[in-house]
S.K.: 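I have a structure I would like to understand better, so I am pasting it below and will then ask my questions one at a time.
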Amino acid sequence: MNPENIINLQQHPIQDAGYTQSCKAQLDSTGALVMEKFLSSDTVESLQNEARKVRPLAFFCHQNHNAYLLDSDPCFPVDHIRNLEQVSDKGCVPHDQIPDDSPLRTLYEWPDFRVFLESVLDVAVHPYTDTLSSININYYEQGQQLGWHYDNASFAITLMIQAPEAGGEFEYLEKLRNKEAGEQGYADTEAVIKGNLKPKTLAMGDGALVLFRGRNSLHRVAPVSSDHARILVTLNFNTESGVMLSELVRMTFFGRIV
């Protein structure tokens, strides 16, 4: 498949330096970049069909975690925001079960797309070494969600394949903590999670590419409330070569290590 047919290049000329710089400026300013209709309509339809076809292969997991994705800290009460449990549950089809002829593989491996990502993110991007982690199709079905949390990674790259009919909103609030400075932002984090501080909603339609910096931005996917699942692809890269996800993480999200 020609990679230039996968992307709506007329609207998103990713090979143009000026366009790339405007994307970088927006991401640097807000921590979020939504590129609506990034995928061509034919690609969206193809990927929706592909996602339905491989859905029986998905591994579904349920996790309890805190917003900081760390083990509980006994220095704080159980109900302190540092330890307060959130819930995440979803299904995932890992990289090795993505069809060989999938547009996802073509896009992921296209040098021009990687150059665009590196220019916007201002870091090198490398695929994961293990066979499971690089491309993941994620399914949020009725009642499923991604609980409030901060990312450990400095960036996330996602493609919305199918937005749900109800629920499943991506909610966030940027700069609530400063991990690099050791400031965890407990008060504001608690205010958002307990409904006393209103988060923002990041809208994204079918075929959108989203770049998001979630290390210091609290975020979640609200529970899906329709039979029409939220199907999202994560395109996972590392800033260093030769990296694989740990066996614990692979067992948690994929149900296997190879």
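Model, not experiment: these values are computed from the prediction.
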S.K.: State, without any angle test, whether Gln15 and Asp112 hold a side-chain donor-acceptor pair at a distance under 3.5 Å.
M.R.: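 Side-chain D/A pair, Gln15 to Asp112: present.
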S.K.: Can you tell me if Asp151 uses its side chain to pair, donor with acceptor, with the backbone of Ala153 under 3.5 Å?
M.R.: no
S.K.: How far does CD1 of Ile81 sit from CH2 of Trp148, to the nearest 0.5 angstrom?
M.R.: 10.5 Å
S.K.: Taking it one step at a time, do Lys37 and Asn8 satisfy side chain to side chain donor-acceptor pair (under 3.5 Å)?
M.R.: CA-CA 7 Å; Lys37 297 183 179 179; Asn8 179 3; over 6 Å; no
S.K.: Going by distance alone, is a donor N or O of one side chain under 3.5 Å from an acceptor N or O of the other, for Thr43 and Ser46?
M.R.: no
S.K.: When you measure from the side chain of His219 to the backbone of Ser217, do you find a donor-acceptor pair of N or O atoms at a distance under 3.5 Å?
M.R.: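 Yes, the answer is positive, given that a donor and an acceptor are paired below the 3.5 Å cut-off.
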S.K.: Looking at side-chain heavy atoms only, is the closest gap between Leu159 and Leu107 below 4.5 Å?
M.R.: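 Side chain of Leu159 against side chain of Leu107, heavy atoms only: contact under 4.5 Å found.
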S.K.: Please report the C-alpha distance between Phe38 and Ile14 in whole Å, then the side-chain angles of each, then the deciding distance to 0.1 Å, and finally whether the side chain to side chain contact (heavy atoms under 4.5 Å, CB included) criterion is met.
M.R.: CA-CA 10 Å; Phe38 180 79; Ile14 65 169; 3.8 Å; yes
S.K.: What verdict does the side chain to side chain contact (heavy atoms under 4.5 Å, CB included) test give for Leu33 and Val210, after you've listed the backbone C-alpha separation in whole Å, the side-chain angles of each residue and the deciding distance to 0.1 Å?
M.R.: CA-CA 6 Å; Leu33 173 66; Val210 181; over 6 Å; no
S.K.: Taking CD in Glu180 as the centre, count heavy atoms belonging to other residues, nucleotides or ligands within less than 6.0 Å. Is the count above 12?
M.R.: yes
S.K.: Quick check for you: to the nearest 0.5 Å, what is the distance between Asn5 atom CG and Ser40 atom OG?
M.R.: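 Taking CG in Asn5 and OG in Ser40, the distance rounds to 7.0 Å.
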S.K.: Working to the nearest 0.5 angstrom, can you tell me the gap between His80 NE2 and Ser72 OG?
M.R.: 12.5 Å
S.K.: Any idea which heavy atoms bring Ala203 and Val34 closest together, and the distance?
M.R.: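 Scanning both residues, the minimum pair turns out to be O-CG1, 3.7 Å.
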S.K.: Mind checking whether Leu202 and Val224 sit in one hydrophobic cluster, side chains of I, L, V, M, F, W, Y counted as touching below 4.5 Å?
M.R.: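 Both belong to a single hydrophobic cluster.
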S.K.: Would a distance-only check, ignoring hydrogens and angles, find a side-chain to backbone donor-acceptor pair under 3.5 Å from Asn136 to Cys92?
M.R.: no
S.K.: Would a 4.5 Å heavy-atom cut-off, applied to side chains only, mark Gln162 and Leu47 as touching?
M.R.: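 Result no, sub-4.5 Å side-chain heavy-atom pair not found.
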S.K.: Is there a donor-acceptor pair closer than 3.5 Å between any side-chain N or O of Glu36 and the backbone N or O of Gly205?
M.R.: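 Side chain of Glu36 to backbone of Gly205: a pair is present.
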S.K.: Taking Asp130 for the side chain and Val258 for the main chain, is one N or O donor matched with an acceptor at less than 3.5 Å?
M.R.: no
S.K.: Any sub-3.5 Å donor-acceptor pair from Asn66's side-chain atoms to Leu70's backbone N or O?
M.R.: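 Yes.
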S.K.: Ignoring hydrogens and geometry beyond distance, is a side-chain donor-acceptor pair present between Glu50 and Ser102 at under 3.5 Å?
M.R.: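 A donor-acceptor contact under 3.5 Å links the two side chains.
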S.K.: Taking the six-membered ring of Tyr150 as reference, does the NZ or CZ atom of Arg215 fall below 6.0 Å from its centre and within a 45° cone about the axis?
M.R.: no
S.K.: List the atom of Leu245, the atom of Ser133, and the distance in Å for their closest heavy-atom pair.
M.R.: CD1-OG, 3.2 Å
S.K.: Side chains of Gln48 and Asp206: is there a donor and an acceptor less than 3.5 Å apart?
M.R.: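 Short answer, yes.
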S.K.: Does some side-chain heavy atom of Phe212 sit less than 4.5 Å from a side-chain heavy atom of Thr158?
M.R.: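 No. Closest side-chain heavy atoms not under 4.5 Å.
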S.K.: Check the pair Glu174, Lys200 against salt bridge (Lys or Arg N to Asp or Glu O under 4.0 Å), reporting the backbone distance first and the verdict last.
M.R.: CA-CA 9 Å; Glu174 72 275 19; Lys200 300 176 182 178; 2.7 Å; yes
S.K.: For the pair Asn83 (side chain) and Asp73 (backbone), establish whether a donor and an acceptor sit closer than 3.5 Å, ignoring hydrogens and angles.
M.R.: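 Side chain of Asn83 to backbone of Asp73: a pair is present.
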S.K.: Cut-off 3.5 Å, side chains only: do Tyr68 and His149 have a donor facing an acceptor?
M.R.: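 No pair is found: no donor N or O on one side chain lies under 3.5 Å from an acceptor on the other.
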S.K.: Do His95 and Tyr128 have ring centres separated by under 6.0 Å?
M.R.: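 No, the ring centres sit 6.0 Å or more apart.
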S.K.: I'd like to know if Arg256 and Asp96 make a salt bridge, using a cut-off of under 4.0 Å between side-chain N and carboxylate O.
M.R.: yes
S.K.: Closest heavy-atom contact between Val192 and Pro199?
M.R.: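 Residues Val192 and Pro199, closest heavy atoms: CG1-CB, 4.4 Å.
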S.K.: Do other residues, nucleotides or ligands put more than 12 heavy atoms under 6.0 Å from Lys179 NZ?
M.R.: yes
S.K.: Might you work through the side chain to side chain donor-acceptor pair (under 3.5 Å) test for His126 and Thr239, ending with a clear yes or no?
M.R.: CA-CA 6 Å; His126 300 275; Thr239 56; over 6 Å; no
S.K.: Walk me through it: do Val87 and Gln63 pass the test side chain to side chain contact (heavy atoms under 4.5 Å, CB included)?
M.R.: CA-CA 6 Å; Val87 173; Gln63 290 179 290; over 6 Å; no
S.K.: How far apart are the C-alpha atoms of Ile137 and Ile98, what are their side-chain angles, what is the distance that settles it, and do they pass the side chain to side chain contact (heavy atoms under 4.5 Å, CB included) test?
M.R.: CA-CA 8 Å; Ile137 304 176; Ile98 305 295; 3.6 Å; yes
S.K.: Could you give the distance from CG (Leu27) to OG (Ser22), rounded to the nearest 0.5 Å?
M.R.: 11.5 Å
S.K.: Does Leu235 belong to the same Ile/Leu/Val/Met/Phe/Trp/Tyr cluster as Leu132, with side-chain heavy atoms less than 4.5 Å apart forming each link?
M.R.: no
S.K.: Any side-chain heavy-atom pair from Ile6 and Glu4 closer than 4.5 angstrom?
M.R.: no
S.K.: Would you name the heavy atoms of Gly167 and Ser225 that are closest together and state the gap between them?
M.R.: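 Taking every non-hydrogen atom into account, N-OG, 3.3 Å.
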S.K.: Heavy-atom distance under 4.5 Å between the side chains of Lys90 and Gln145, does that happen here?
M.R.: no
S.K.: So do Ile257 and Met251 actually touch side chain to side chain, heavy atoms under 4.5 Å?
M.R.: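 Yes - at least one pair of side-chain heavy atoms lies under 4.5 Å apart.
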S.K.: Is there side-chain contact between Arg114 and Phe237, with heavy atoms separated by less than 4.5 Å?
M.R.: yes
S.K.: Are Met35 and Trp110 in one and the same hydrophobic cluster, where Ile, Leu, Val, Met, Phe, Trp and Tyr link if side-chain heavy atoms are under 4.5 Å apart?
M.R.: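 Yes, one cluster joins them.
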S.K.: For Cys61 and Phe253, work out which heavy atoms get closest and say how close.
M.R.: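 Minimum heavy-atom contact is SG-CD2, 4.1 Å.
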S.K.: Is it the case that the side chain of Thr252 and the backbone of Leu248 share a donor-acceptor pair, with hydrogens and angles ignored and the cut-off at 3.5 Å?
M.R.: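 Checking the backbone N and O of Leu248 against the side chain of Thr252, a donor-acceptor pair under 3.5 Å is found.
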S.K.: So, Asn236 versus Thr234: side-chain donor-acceptor pair below 3.5 Å or not?
M.R.: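 Distance-only check passes for Asn236 and Thr234.
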S.K.: Is a salt bridge present between Arg230 and Glu141, judged by a nitrogen-to-oxygen distance below 4.0 Å?
M.R.: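 Judged by the 4.0 Å cut-off on N to carboxylate O distance, Arg230 and Glu141 do not form a salt bridge.
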S.K.: Same hydrophobic cluster for Leu104 and Leu57, using side-chain heavy-atom links shorter than 4.5 Å among ILVMFWY?
M.R.: yes
S.K.: Hey, can you tell me if Phe116 and Phe113 have their rings parallel, tilted or perpendicular (30° and 60° cut-offs)?
M.R.: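 Rings of Phe116 and Phe113: parallel, as their planes differ by under 30°.
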S.K.: So how far is it from Leu173 CG to Ile193 CD1, rounded to the nearest 0.5 Å?
M.R.: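 With rounding to 0.5 Å, CG (Leu173) is 11.5 Å from CD1 (Ile193).
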S.K.: Mark yes or no for whether Tyr140, through its side chain, and Asp89, through its backbone, hold a donor-acceptor pair below 3.5 Å.
M.R.: no
S.K.: For the CG atom on Asn64, are there more than 12 heavy atoms of other groups (residues, nucleotides or ligands in this structure) within a distance under 6.0 Å?
M.R.: yes
S.K.: How about Glu169 and Thr201: do any of their side-chain heavy atoms sit closer than 4.5 Å?
M.R.: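 When only atoms from C-beta onward are counted, Thr201 and Glu169 do touch, with a gap below 4.5 Å.
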S.K.: Would Glu183 and Arg177 pass as an ion pair if we require N to O under 4.0 Å?
M.R.: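 No salt bridge links Glu183 with Arg177.
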S.K.: Do Leu211 and Tyr19 sit in one hydrophobic cluster, given that two such residues count as connected whenever their side-chain heavy atoms are within less than 4.5 Å of each other, even indirectly?
M.R.: yes
S.K.: Taking Ser88 for its side chain and Gly147 for its backbone only, find out whether a donor-acceptor pair lies under 3.5 Å.
M.R.: yes
S.K.: Check each of Val120, Val125, Leu117 against Phe155 using the side-chain contact (heavy atoms from CB on, under 4.5 Å) test, and report the only one that passes.
M.R.: Val125
